[in-house]
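First up is the structure itself, then whatever we jot down about it.
Every number for a ligand or one of its atoms is a count from 1 in the order of the listing.
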Amino acid sequence: MTTEHHRLNAPSATPPRIQALSLGAGVQSSALLLMSAHGLLPRLDYAAFADTGWERPETYAALDWLENEVAKPAGIEIVRLRAGDIRRDALDPNSRFSTMPMFIRNPNGSKGMLRRQCTSTYKIKILLAEARRRLGAEVFDDGRIGRVKRSLSLSMWVGISSDEFHRAKDSGVKYAVNEFPLLQLGLTRADTQAYLDQHGFAAVSKSACVGCPYTSNAGWRNLRDNHPVQWDEAVEFDRAIRAGNARANANGRPLLGQAFLHPSLLPLDQAPIDAPPKRRHLRLVGADEAVDWEDGDPDGCSPWACRTGRPEQPAGISEVAA
Ligand code: SF4
């Protein structure tokens with residue numbers, strides 16, 4: 001690891017932009033926080049963690065460690081943002097509609113999957129709202145945050161390593177410019193992990209919701225064997241979603257078919273999560289990459305960089321054939 005020799009210059013925009021980090025408490029974004037705290041990268045003004053309300057215990061523990069051991073001593077603010085509670089909202093008949101990418105058994109017996117909108121709803125939108133607030137946008141009485149003056153923008157670091165450059169995406173708005181310091185430094189995921197190891201932060205897990213349908217079999221086993229409370233929550237949630245809820249789709253109509261957390265379309269506590277006879281893959285319609293259901297995505301759910309499943313749709317929800 002040679003990060004000491006790769007100090008980045010400040011972003012070129014003048015006057016100096018607000019420097020933000022999209023912090024997921026996984027390997028790459030945690031490394032960016034450490035590098036800023038250690039002076040290898042420019043000083044962050046804040047790091048924002050978008051909390052879905054049902055993150056894994058390891059994620060909250062990692063976040064606490066980062067805040068107390070890294071951010072506070074360096075004078076970097078960590079802000080925890082919440083747009084709701086993804087578990088409660090999915091079961092609430094008064095909620096807008098379910099946004100999680102649940103597996104569906106259609107009425108004709110075919111398999112499908114609800115299109116993922118949760119990353120946008122519970123992560124990207126609130127990260128951007130916080131960016132607008134930091135840029136001086138008006139905050140209304142109901143909590144909504146207004147527009148940003150055209151000339152203003154901030155820089156948002158996103159943790160993408162050089163071996164995963166294809167995951168780098170624009171923010172989609174002019175006032176938040178996504179930047180990828182690990183790409184600029186040419187650091188791979190292994191480099192990044194080595195850097196964390198050197199600084200006593202070896203046990204980083206990927207950030208994801210406890211009941212995320214993208215969870216791999218290894219992830220489900222970890223939950224069952226090491227986190228029985230969260231496993232029971234997921235099993236109970238899986239039972240509760242079988243018929244969707246009273247407003248299961250964007251049109252407010254009940255779900256057609258049955259919803260499951262596991263791609264086997266079996267109740268989670270009966271699903272074949274133990275040592276499958278062979279590695280199985282499921283390719284979603286239109287997805288760039290298949291999800292490995294044994295090992296899963298090493299990085300979990302990341303705003304702007306989630307590589308699991310089909311890209312999000314701006315509105316609506318529908319079943320797709322698997
Ligand atoms: S971890 Fe899964 S359920 Fe949670 S926001 Fe990301 S894609 Fe959605």
Side-chain angles (χ1 to χ4, degrees), residues 22-29 48-60 62-63 80-92 95-104 113-129 158-159 167 169 204-220 222-223 227 230-231 233-238 240-241 244-245 248 250 259-263 268 282 284 286-293 295-314 316-317 320:
S22 169
L23 178 63
V27 171
Q28 283 102 333
S29 64
F49 177 81
D51 184 354
T52 66
W54 202 21
E55 305 280 341
R56 294 176 185 170
E58 305 100 292
T59 301
Y60 290 121
L63 191 62
R80 301 180 191 219
L81 306 168
R82 278 279 285 269
D85 181 314
I86 195 168
R87 175 171 52 148
R88 190 190 57 214
D89 296 348
L91 299 177
D92 181 356
S95 182
R96 197 163 48 101
F97 51 83
S98 174
T99 61
M100 293 171 73
M102 297 165 185
F103 296 95
I104 302 296
M113 194 173 201
L114 297 181
R115 287 192 180 152
R116 174 176 54 93
Q117 297 189 56
C118 40
T119 316
S120 171
T121 302
Y122 292 94
K123 299 194 173 189
I124 293 174
K125 282 182 182 168
I126 50 174
L127 288 171
L128 291 179
V158 181
R167 300 177 69 189
K169 295 188 183 91
V204 178
S205 68
K206 62 184 183 181
S207 56
C209 297
V210 168
C212 178
Y214 288 140
T215 301
S216 65
N217 283 341
W220 287 127
N222 175 44
L223 202 66
H227 302 287
Q230 285 73 28
W231 169 254
E233 287 175 3
V235 168
E236 187 185 329
F237 180 77
D238 176 65
I241 61 171
N245 66 32
F260 297 83
L261 291 186
H262 194 270
L268 184 57
L282 179 104
L284 305 179
D288 295 333
E289 297 169 74
V291 177
D292 182 333
W293 294 111
D295 297 327
D297 182 336
D299 294 317
C301 185
S302 165
W304 292 297
C306 184
R307 65 180 171 190
T308 45
R310 186 186 173 96
E312 297 196 61
Q313 296 221 129
I317 193 167
V320 294

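- Without hydrogens or angle criteria, Asp51 side chain to Arg80 main chain gives no donor-acceptor distance under 3.5 Å.
- There is a side-chain donor-acceptor pair under 3.5 Å between Asp89 and Tyr122.
- For the pair Thr59 (side chain) and Glu55 (backbone), a donor-acceptor distance under 3.5 Å is absent.
- When distances to atom 8 (Fe) of ligand 1 are checked against a cut-off of 2.8 Å, Cys209 contributes no N, O or S atom below that limit.
- Side-chain N/O atoms of Glu233 and Trp54 include a donor and acceptor closer than 3.5 Å.
- The ligand atoms of ligand 1 that sit less than 4.0 angstrom from a heavy atom of Arg116 are 7 (S).
- Of all atoms in ligand 1, listed by their number and element, those nearer than 4.0 Å to a heavy atom of Cys118 are 3 (S), 5 (S), 7 (S), 8 (Fe).
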